[in-house]
Structure formats: structure tokens, C-alpha cells
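A note on names: the letters A, B, ... follow the listed sequences, proteins ahead of strands, and every chain is numbered from 1.
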Number of protein chains: 2
Amino acid sequence: MIATEPLQDASRESFVEMLRAAGLRTTGPRLATLGVLIQRPHADTETVIRQVRSELGTVSAQAIYNVLATLVQGELVRRIEPAGSPALYELRVGDNHHHIVCRLCGAVADVDCAVGHRPCLTPSETHGYVLDEAEVTYWGYCPKCQASRGSHSASTTEETTGN
Amino acid sequence: MIATEPLQDASRESFVEMLRAAGLRTTGPRLATLGVLIQRPHADTETVIRQVRSELGTVSAQAIYNVLATLVQGELVRRIEPAGSPALYELRVGDNHHHIVCRLCGAVADVDCAVGHRPCLTPSETHGYVLDEAEVTYWGYCPKCQASRGSHSASTTEETTGN
DNA sequence: TTCTAATTATGGAGTAACTCAAAAGATCGT
DNA sequence: ACGATCTTTTGAGTTACTCCATAATTAGAA
């Protein structure tokens, strides 16, 4: 499942459109990165690098850092950074959804936000701050880690994420 | 305001008690760290190191990393890690309060949680996860950064935090 | 109070996850 | 196809840690 994904090919057209709509040039690393993120929501940088390389051959890590930063800035990609985890990236943007993170293996799952737009919650006291977003991170144990409780056998398998 | 703070001396007794209650030995770096955190909620490691040194003289950075980790484990201190920021530490534990973070300067303020115990929110769909905490981070602009909008003059002054 | 066992601090090395900058290369409007 | 502009490469540098072996300190027993 490394060369010529049908899924990728099918999405390629829309990726090009997405990039153009954001005023960005279409380059190999950008298309490949979008392809990885469609297949692996919540991928970290290292996963994106590995997957993009398996598709395109040699690509510098710096290029991927640039691509991800550009896509985030262009609002095609959202970056999250749960405590203790490196940055994770996802294609789902604009719906202000939230995340559940497993304390043991770091697996991430999406949770729809009941409100759906930012900020979905507002505190009673804002200390003079002007708020535009409420980010909610739920912490707990994923199904797999619940099974192997006590024997803390983390990091061997993941769940909803695909690192 | 560097040597012999009255505040510190007043709190010293209760710090000793806190440590003993958690089954921890009372050492200089630990007492000094607690002292710093009472004066500067949301201090980062580097701030704690600097302040502890100004009080005790030479203390290794590693010692402070150890102290902070120990205090967090003993539940005397809470560690938060807003995206884009190094770890921050605070003495307020056990009330499940939340935080407002300034997008420009990183200043952090506390927000009381209406519910007050964990988890204060529960999502509709948990994907099989067992949840024990809902962490809310509000993002926005602190009063000082609102004043200097557009001219992005961040990082010069802080607000509620004291880095 | 002194000793001993366990814990804690030091110093030095090492790592992950980035960021910065200059030069070579690719993209796209014309 | 051309050239201005944007991307990628290459390589160095930074931050915020973590790991380890050794030395120092502490708490509680004798």
C-alpha cells in the first residue's frame, strides 16, 4: 500500500483546487502531504515525512515543515498539540471539533462540538482577554489501552490515529 | 526583592507540611520552587530555575526538572502545556480550573470551572474511550496585546503570568 | 548523636522537534 | 518559453527537555 493509491489519485484534483483556492502553488510535497493527512488524520510530522517519502522518494524534512506550516496558514490544515505530544495535523478544519487523547498511547479521536463554531464555550470571567476560541481536550484511555491496563503496554499499537 | 522574602518565610511552614503530607522529603530546591510558584503562577521551568537560583545560589537545572516532576507526581503542583509554550507550573491543584492564553505574548490567566470537578464536560460520542478529564484552553488576546494590536509587539511584557 | 540506607543533586552527554538562512530549483502568469 | 516569485534543499543552530553515573544530602534507626 505504498505506490499509486487510488484514493490519492481520486483526491488529487480536489487537492489542486484546494491549494489554488488558498492561493498556493501546487507542488509534489504539498499534494503528497494532503494525501497523507486524508489517510491518517492526526499524523505527526515524522509520519508525514515518512509517508511522503514513500510516495515521492527523497524529500527534505524541512520541506515538510514548510509545507505543513503553509497549509496551516492557508487554513487547509489544522494543527493540534496535545500536552506531551509533538504537533499533529488534520484536514478537518472550520468545524471547531475537539479531541480525545489517550493518556497511555497518545491515540487521538475526534469529537464533534455541539456548538460547531468558535468559541463554543465562554468563561464567566475573562480577565479582560478577548477570546476567539475554546479548545477542549478530553483525556482518558482508548479501548486498546483499557484492555491492557496495569501492564502499561503502551506505544505498541495505536488506535484512531495512525502514527 | 531577592533575599529573604517575608511571604516566603510565612509560607515555609506550610510548604514543609505539604511535602510531608505527600511523603516527600523537604529540601532547599523543593521549598524554593514552591515559593516561586506561589509568587508566579504559570511560571515556566526557566523562570523557576532563575528564581530558585536567586534565592539559593547554585542549583542545577536538572535538580529543578526533578523537583517539578516530583511535585507534579505528588499532586502538589499542576503542569500545563499550552500549544507553542514550554511547560508551565502552578500550585492550584484539585479544582479543575481552566486557562486563557494570549495568542501574542503567551500570558496565562486562570478561569474557574463552573463544575469544579473532573471531567467537567462530557462529549456525546467517546469512541470507546474512558474519559477522566476535560481540559479547556481559551485562546485570545490579553489586555496589553489588545492595546498594541497590528504592531505585533509581543514578548516584551507579560500579564497574569510572570515569565 | 551518629550511622546507614535511601533519596536527591550535580555534571555531562544526548535527543526530539523544531527554527533560521542562503542558494539552487520549480511554478505559473504572461 | 521566459522571468519573477515562490519552494525546496542543504546545513547549521536552538529549545526544552531526558538519561546516566557519581557525589552529596536527608530521614529515621540505633
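Distances shorter than 4.0 Å separate some side-chain N or O of B:Arg79 from OP1 or OP2 on D:dC17. Contact annotation: B:Thr26 does not reach the phosphate of D:dT26 (side-chain N/O to OP1 or OP2, under 4.0 Å).
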Quick one: do A:Tyr141 and B:Asp132 satisfy side chain to side chain contact (heavy atoms under 4.5 Å, CB included)? Show the steps, please.
-> CA-CA 9 Å; A:Tyr141 300 90; B:Asp132 55 29; 3.6 Å; yes
Check step by step if side chain to side chain contact (heavy atoms under 4.5 Å, CB included) holds for A:Ile80 and A:Tyr89.
-> CA-CA 6 Å; A:Ile80 62 170; A:Tyr89 298 87; over 6 Å; no
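Side-chain atoms of A:Arg25 stay outside donor-acceptor range of the base of D:dT7, with no qualifying N/O pair under 3.5 Å. Under 3.5 Å, the side chain of A:Glu46 and the base of C:dC18 form no donor-acceptor pair of N or O atoms.
For B:Gln62, taking side-chain heavy atoms from C-beta onward, the closest of the listed nucleotides D:dC17, D:dT18, C:dC18 is D:dT18. Of the candidates C:dT10, D:dT8, C:dA17, the closest approach to any side-chain atom of A:Pro86 belongs to C:dA17. Distances were taken from every side-chain heavy atom of A:Arg20 (C-beta onward) to each of C:dC18, D:dT18, C:dG29; the shortest belongs to C:dG29. When each of D:dT8, C:dA26, C:dA9 is scored by its nearest atom to the side-chain atoms of B:Pro29, the top-ranked nucleotide is C:dA9. Nearest to the side-chain atoms of B:Thr27 among the listed nucleotides C:dT19, C:dT8, D:dC17 stands C:dT8. The listed nucleotides are D:dT7, D:dT9, D:dC17; the one nearest the side chain of A:Ser60 is D:dT9.
At the heavy-atom level, A:Ala87 lies under 4.0 Å from the strands shown only through sugar-phosphate atoms.
With A:Leu19 as the partner, the side-chain contact (heavy atoms from CB on, under 4.5 Å) test is satisfied by one option alone out of A:Thr27, A:Thr70, A:Leu31: A:Leu31.
Place B:Thr70 and A:Glu81 on DNA chain C by their nearest nucleotides, and B:Thr70 ends up nearer the 5' end. Ranked by how close their nearest DNA chain C nucleotide is to the 5' end, B:Ile64 and A:Leu24 are led by B:Ile64.
Between the side chains of B:Asp110 and B:His97, a donor-acceptor pair is found at a separation under 3.5 Å.
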